[in-house]
Amino acid sequence: MAPITRLAAAALLFSFVFVNAAPVLDPNANRAFSTDGAYGNSPVAQTLKKRAARYSQVYTCKTPGTIAITFDDGPYKYTRQLLKELDDIPEKPKVTFFVNGHNNGEIKDYADVVADAFKAGHQIGSHTWDHEDLNKLSLTAREDEMKKLDDALKEILPGKVRPTFMRPPYGNADDEVLNFLGDAGYTIINWNIDTMDWAHPTDVPKSMKEYTKALDASGAIKKSFIGLEHDPNEKTSTELGPQAVKYAISKGFKVVTVGTCLEIPESKWYRS
């Protein structure tokens, strides 16, 4: 066979193989499917997974001298006491709660606590429905995690609103998850002070060391911080949280919500 003929035959074979092996994009679901309908294993799906993230997690505030003290995994039976402790502080600090729908407790059982936190000026953010690692879920499961909590919060929060801020469980969000959350309109929050209170829930001094280490450092007041703890831990709600707030204030920091520390107006913390 002549060289040109061989080249033409090879091109034809390549075209046939490529076209017939190509996966089909489902425009309605906005997902990549192979011809057998399996999501996640098709070449297009794998390509999407490898795309660089167009969004990133936020680890610190924008305004120097501010600190956003945040509480994950609630609401739970100790959250009400935490709200009271915060309200008793003269400076009336505001914090952020990244809540679940089904974790330590059922959100419907603490709907009044969540609504009261919102009314008091604290920020309510999403932490998914039942604290699944989003990196390990299919797209459909991720959507379900976010929507179920959105729907619940819309029935709980005054004005029937849903959060635009979220924290991925375990802080885990690969590029695919970041793109999914960012495209859905979420500001994705991480932290730069981790009390690890979940690992030693009754050892308040050990958890507080993370705050003193960060806030006592030279030049700390020129920086900003996002602290992490968990209100379902009794000692966190009754001791650690209030102590951390008071200590930050004593060091000259303004204790504010995540939205405030990022200089995002309150009108953009939620959507209808």
Verify, without hydrogens or angle tests, whether [X] (side chain) and [Y] (backbone) share a donor-acceptor contact under 3.5 angstrom.
{"X": "Lys92", "Y": "Asp87", "value": "yes"}
{"X": "Arg162", "Y": "Ser272", "value": "yes"}
{"X": "Lys94", "Y": "Ala120", "value": "yes"}
{"X": "Thr96", "Y": "Val258", "value": "yes"}
{"X": "Asn233", "Y": "Lys235", "value": "no"}
{"X": "Thr70", "Y": "Gly227", "value": "yes"}
{"X": "His127", "Y": "Asp73", "value": "no"}
{"X": "Glu155", "Y": "Lys160", "value": "no"}
{"X": "Thr164", "Y": "Trp269", "value": "yes"}

Show the nearest heavy-atom pair for residues [X] and [Y], with the distance to one decimal.
{"X": "Glu210", "Y": "Lys213", "answer": "OE1-NZ, 3.3 Å"}
{"X": "Ala111", "Y": "Ile156", "answer": "O-CG2, 3.4 Å"}
{"X": "Arg271", "Y": "Tyr186", "answer": "NH2-CZ, 3.2 Å"}
{"X": "Asp72", "Y": "Pro232", "answer": "O-CD, 3.3 Å"}
{"X": "Thr66", "Y": "Cys61", "answer": "OG1-CB, 3.5 Å"}
{"X": "Ile189", "Y": "Gln57", "answer": "O-OE1, 3.9 Å"}

Query raised in the report: Is the centre of the Tyr170 ring less than 6.0 Å from the centre of the His131 ring?
Result: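 Centroid separation for Tyr170 and His131: below 6.0 Å.
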
Query - Proximity of Tyr211 and Tyr247 rings by center, below 6.0 Å - result: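 Not close enough - the centres of the two rings lie 6.0 Å or further apart.
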
Requested in this report: Would you please test Leu228 and Thr195 for side-chain contact (heavy atoms from CB on, under 4.5 Å) and show each step?
Outcome: CA-CA 6 Å; Leu228 167 65; Thr195 63; 5.6 Å; no

Could you give the distance from [atom1] ([X]) to [atom2] ([Y]), rounded to the nearest 0.5 Å?
{"X": "Ile69", "Y": "Cys261", "atom1": "CD1", "atom2": "SG", "value": "11.0 Å"}
{"X": "Leu181", "Y": "Ser126", "atom1": "CG", "atom2": "OG", "value": "8.5 Å"}
{"X": "Ile221", "Y": "Asp216", "atom1": "CD1", "atom2": "CG", "value": "11.0 Å"}
{"X": "Phe118", "Y": "Leu153", "atom1": "CZ", "atom2": "CG", "value": "10.0 Å"}
{"X": "Ser207", "Y": "Gln243", "atom1": "OG", "atom2": "CD", "value": "10.0 Å"}
{"X": "Trp129", "Y": "Asn100", "atom1": "CH2", "atom2": "CG", "value": "9.5 Å"}

Query raised in the report: Tell me, do Phe97 and Gln123 make a side-chain contact under 4.5 Å, heavy atoms counted?
Result: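 No; the side chains remain at least 4.5 Å from each other.
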
Requested in this report: I would like to know whether Asp231 and Thr79 meet side-chain hydrogen bond (donor to acceptor under 3.5 Å, both in side chains); could you show each step before the answer?
Outcome: CA-CA 6 Å; Asp231 51 302; Thr79 309; 2.7 Å; yes

Pair [X]-[Y], side-chain donor/acceptor within less than 3.5 Å:
{"X": "Asn172", "Y": "Asn135", "result": "no"}
{"X": "Glu85", "Y": "Thr238", "result": "no"}
{"X": "Ser224", "Y": "Thr60", "result": "yes"}
{"X": "Asp197", "Y": "His230", "result": "yes"}
{"X": "His122", "Y": "Thr257", "result": "no"}
{"X": "Tyr76", "Y": "Asn103", "result": "no"}

**Report entry** Residues Tyr78, Arg80; criterion side-chain contact (heavy atoms from CB on, under 4.5 Å); working and verdict
**Finding:** CA-CA 6 Å; Tyr78 308 118; Arg80 172 70 71 187; over 6 Å; no

Query raised in the report: When you look at NZ of Lys84, are more than 12 heavy atoms from neighbouring residues, nucleotides or ligands closer to it than 6.0 Å?
Result: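 Atom NZ in Lys84 is not packed in, count stays at 12 or less.
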
Cluster check [X], [Y]: I/L/V/M/F/W/Y, side chain < 4.5 angstrom:
{"X": "Leu83", "Y": "Tyr110", "value": "yes"}
{"X": "Met208", "Y": "Ile226", "value": "yes"}
{"X": "Ile89", "Y": "Val255", "value": "yes"}
{"X": "Val95", "Y": "Val204", "value": "yes"}
{"X": "Leu157", "Y": "Met166", "value": "no"}

Query raised in the report: Is a salt bridge present between Asp151 and Lys147, judged by a nitrogen-to-oxygen distance below 4.0 Å?
Result: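 A salt bridge is present here (some side-chain N lies under 4.0 Å from a carboxylate O).
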
Requested in this report: Take Arg54 and Asp183, measure what salt bridge (Lys or Arg N to Asp or Glu O under 4.0 Å) needs, and give me the verdict at the end.
Outcome: CA-CA 9 Å; Arg54 300 184 303 278; Asp183 286 345; 2.5 Å; yes

Report task. Take Met146 and Asp150 through the side-chain contact (heavy atoms from CB on, under 4.5 Å) test and state the conclusion after the steps. Result -> CA-CA 6 Å; Met146 301 307 297; Asp150 257 13; 5.7 Å; no

Query raised in the report: Under the salt bridge (Lys or Arg N to Asp or Glu O under 4.0 Å) criterion, do Glu145 and Arg142 qualify, and how do the steps go?
Result: CA-CA 5 Å; Glu145 281 289 316; Arg142 287 182 201 135; over 6 Å; no

Report task. I would like to know whether Lys77 and Asp109 meet salt bridge (Lys or Arg N to Asp or Glu O under 4.0 Å); could you show each step before the answer? Result -> CA-CA 9 Å; Lys77 59 185 178 182; Asp109 295 332; over 6 Å; no

Report task. Go through the steps for Thr128 and Leu134 under the test side-chain contact (heavy atoms from CB on, under 4.5 Å), then give the verdict. Result -> CA-CA 9 Å; Thr128 74; Leu134 296 178; 4.1 Å; yes

